[in-house]
Number of protein chains: 2
Amino acid sequence: MPESEMARELTPREQKYRRILRAAIEVFASKGYFGARMTDVAEAAEVADGTLYLYFEGKEHLLMSIFDEVLGRFIERLDEEIANMTDPAQKLSVMIRLHLETLGRDHALAHLLQIETRHSRRFMSTFSRGKLGEYLDRVRDIVEEGQEAGVFRRDISPGLATNLVFGAVDELVTSWLLAENPGDLLRHHKPLVRVLTDGIARGRGRQGGSS
Amino acid sequence: MPESEMARELTPREQKYRRILRAAIEVFASKGYFGARMTDVAEAAEVADGTLYLYFEGKEHLLMSIFDEVLGRFIERLDEEIANMTDPAQKLSVMIRLHLETLGRDHALAHLLQIETRHSRRFMSTFSRGKLGEYLDRVRDIVEEGQEAGVFRRDISPGLATNLVFGAVDELVTSWLLAENPGDLLRHHKPLVRVLTDGIARGRGRQGGSS
DNA sequence: CCCGCCTGAATGAATACTCATTCATGTTTG
DNA sequence: CAAACATGAATGAGTATTCATTCAGGCGGG
């Protein structure tokens with residue numbers, strides 16, 4: 001019987017599980033997945049090499065677990081936040097804010113997801129598209145909903161719009177990651193949402209900046 | 001003394017150099033850079049293992065050479081094609097067409113660039129930004145030019161616009177790559193350019209689709 | 001209350017294997 | 001014949017994973 005639904009104390013096992021995950025994020029991020037040794041992860045987590053194998057099936061499974069955990073939590077939060085919203089444009093904005101927030105807060109995690117994601121994207125695409133696919137589905141849902149509501153243009157395919165949105169956010173994060181002095185990722189939120197919705201071409205009428 | 005400037009016969013050495021590069025693209029694409037063995041590359045190129053080292057300093061250098069060659073040629077072609085154009089919007093369109101054309105034509109190359117690029121992006125960003133940086137500079141140039149010419153909106157930073165453009169194209173290619181039955185990548189050209197310039201939000205006035 | 005038995009989580013040295021790279025030896029070319 | 005080029009078996013460094021062993025602490029019997 002679980003103590004209580006919310007805020008239950010983590011079991012010692014869960015604590016160690018998370019400690020290893022956290023360590024793996026740091027190590028994989030700083031040395032790259034292939035450059036990192038399991039010994040490094042063990043050292044960072046302050047456990048013995050063998051202990052890793054009591055919690056994860058192997059190196060690859062460890063990497064996958066990071067994605068599943070992180071993306072799973074992210075999607076959960078996203079669903080909560082947009083659950084009782086009606087405006088698709090607002091949902092889109094929230095989604096992007098959450099995306100930037102999550103990665104902007106955790107540099108190591110961002111590095112891992114942006115740099116190592118691709119390899120697993122191929123892997124993931126092999127069978128279930130995995131959690132990333134789930135996320136992309138959310139984006140598409142919002143776009144379609146927006147089109148039905150008449151807030152978004154109907155003359156573009158939802159797939160293409162999804163590519164635009166995800167690609168832009170993803171690339172923004174990557175360039176932030178590789179920049180010399182990145183600053184706060186969230187400062188790009190409003191401009192990004194605007195350029196996504198309004199596009200690059202000069203607007204007919206409204207024009208923002210003065211300089 | 002070079003035979004002639006253009007269309008010179010390739011020396012035997014150049015031929016073998018290219019054969020190895022081509023083989024490396026195929027092998028790296030199909031097994032992933034880290035999963036591929038030098039032996040595999042040698043076999044695919046129909047040369048001995050040791051021969052690889054007569055043409056490249058090592059595995060990593062081989063990978064880098066692919067980027068430099070391919071991106072170098074791409075940028076050259078891009079510069080040629082837009083050299084005597086004046087409309088920034090048209091330049092943007094040409095750039096995107098070239099991007100889609102180049103990758104749409106060569107599945108293995110696309111796979112390699114989309115999947116393995118990230119690792120090397122970190123590497124590249126460490127010192128010289130490399131050819132990819134050069135490409136991104138081209139995108140930014142076009143955007144800035146467009147803003148000065150009044151064709152593109154001035155209220156977004158060129159950096160952000162660059163992220164939007166490159167991110168969208170990049171993500172489009174990736175999703176094409178991972179799709180079950182991809183079709184022709186170029187069919188996305190026109191819609192992509194339109195959604196980039198006009199954005200997702202419902203246009204004020206003009207509306208394309210009938211359904 | 002104390003002691004010694006158990007359990008299974010944790011350890012980390014040893015293993016078993018994979019590959020990038022080398023170089024002694026052949027082969028072609030001029 | 002010499003020089004340049006090509007070969008591919010041998011090398012050895014590096015590392016994911018295993019498993020025999022340790023040990024903390026719960027538990028029952030004296």
Residue pairs meeting side chain to side chain donor-acceptor pair (under 3.5 Å), one or both in residues 39-48 of chain B, sequence neighbours left out, come to Lys31(B)-Asp40(B), Arg37(B)-Asp40(B), Thr39(B)-Asp49(B)
Taking five pairs at each terminus, the helix from dC1(C)-dG30(D) to dG30(C)-dC1(D) shows an axis bend, to 10°, of 10°
The salt bridge (Lys or Arg N to Asp or Glu O under 4.0 Å) partners of Arg140(B) (sequence neighbours excluded) come to none
When rounded to whole Å, the CG to P distance for the pair Asp40(A) and dT15(D) reads 8 Å
By ring-ring contact (aromatic ring centres under 6.0 Å, His included), Tyr17(B) pairs with (sequence neighbours left out) Phe56(B)
Here the ring pair (Phe, Tyr, Trp, His ring centres under 6.0 Å) pairs for residues 176-197 of chain B, sequence neighbours left out, are His107(B)-Trp176(B)
Item to check | Check: Asp198(B) and Ile156(A) side chains under 4.5 Å, non-hydrogen atoms | outcome: no
Residues 159-187 of chain B vs salt bridge (charged side-chain N to carboxylate O under 4.0 Å, His left out), sequence neighbours excluded, gives Arg118(A)-Asp170(B), Arg121(A)-Glu171(B), Arg118(B)-Asp170(B)
| said: Whether Arg77(A) and Glu101(A) form a salt bridge (side-chain N of Lys/Arg under 4.0 Å from carboxylate O of Asp/Glu) is what I want to check. | reply: yes
His99(A) meets the ring-ring contact (aromatic ring centres under 6.0 Å, His included) criterion, sequence neighbours left out, with Tyr135(A)
Query raised in the report: So do Ile115(B) and Tyr33(B) actually touch side chain to side chain, heavy atoms under 4.5 Å?
Result: no
Considering only nitrogen or oxygen atoms on both sides, find all protein atoms under 3.5 Å from nucleotides 28-30 of chain C and state each distance.
none

Rounded to whole Å, NE2 of His61(B) lies from P of dA20(C) at a distance of 17 Å
Taken to the nearest whole Å, CG/Leu62(B) to P/dT21(C) is 10 Å
note: Leu52(B), atom CG; dT22(C), atom P; distance rounded to Å ~ 12 Å
Might you list the N or O atoms of the protein lying below 3.5 Å from N or O atoms in nucleotides 3-7 of chain D, with each pair's distance?
| residue | atom | partner | partner atom | Å |
| --- | --- | --- | --- | --- |
| dA6(D) | OP1 | Lys16(B) | NZ | 3.0 |
| dA6(D) | OP2 | Tyr55(B) | OH | 3.3 |
| dT7(D) | OP2 | Ala48(B) | N | 2.9 |
| dT7(D) | OP2 | Thr51(B) | OG1 | 2.5 |

Within residues 29-38 of chain B, the residues having a heavy atom closer than 4.0 Å to DNA chain C are Ala36(B), Arg37(B), Met38(B)
d(Leu113(B) CG, Leu71(B) CG) to nearest 0.5 Å is 6.5 Å
The salt bridge (Lys or Arg N to Asp or Glu O under 4.0 Å) partners of Lys91(A) (sequence neighbours excluded) come to Glu145(A)
Legend entry - Worked check of salt bridge (charged side-chain N to carboxylate O under 4.0 Å, His left out) between Arg19(A) and Glu14(A): CA-CA 8 Å; Arg19(A) 185 142 55 88; Glu14(A) 275 173 328; over 6 Å; no
Sorted by chain and number, sequence neighbours left out, salt bridge (Lys or Arg N to Asp or Glu O under 4.0 Å) with Arg22(B) holds for Glu26(B), Asp106(B)
note: Glu57(A), atom CD; dT18(D), atom C1'; distance rounded to Å ~ 15 Å
Whole-Å distance, Tyr53(B) OH to dC19(C) P, equals 13 Å
Between NZ of Lys59(B) and P of dT22(C) the distance, given in whole Å, is 15 Å
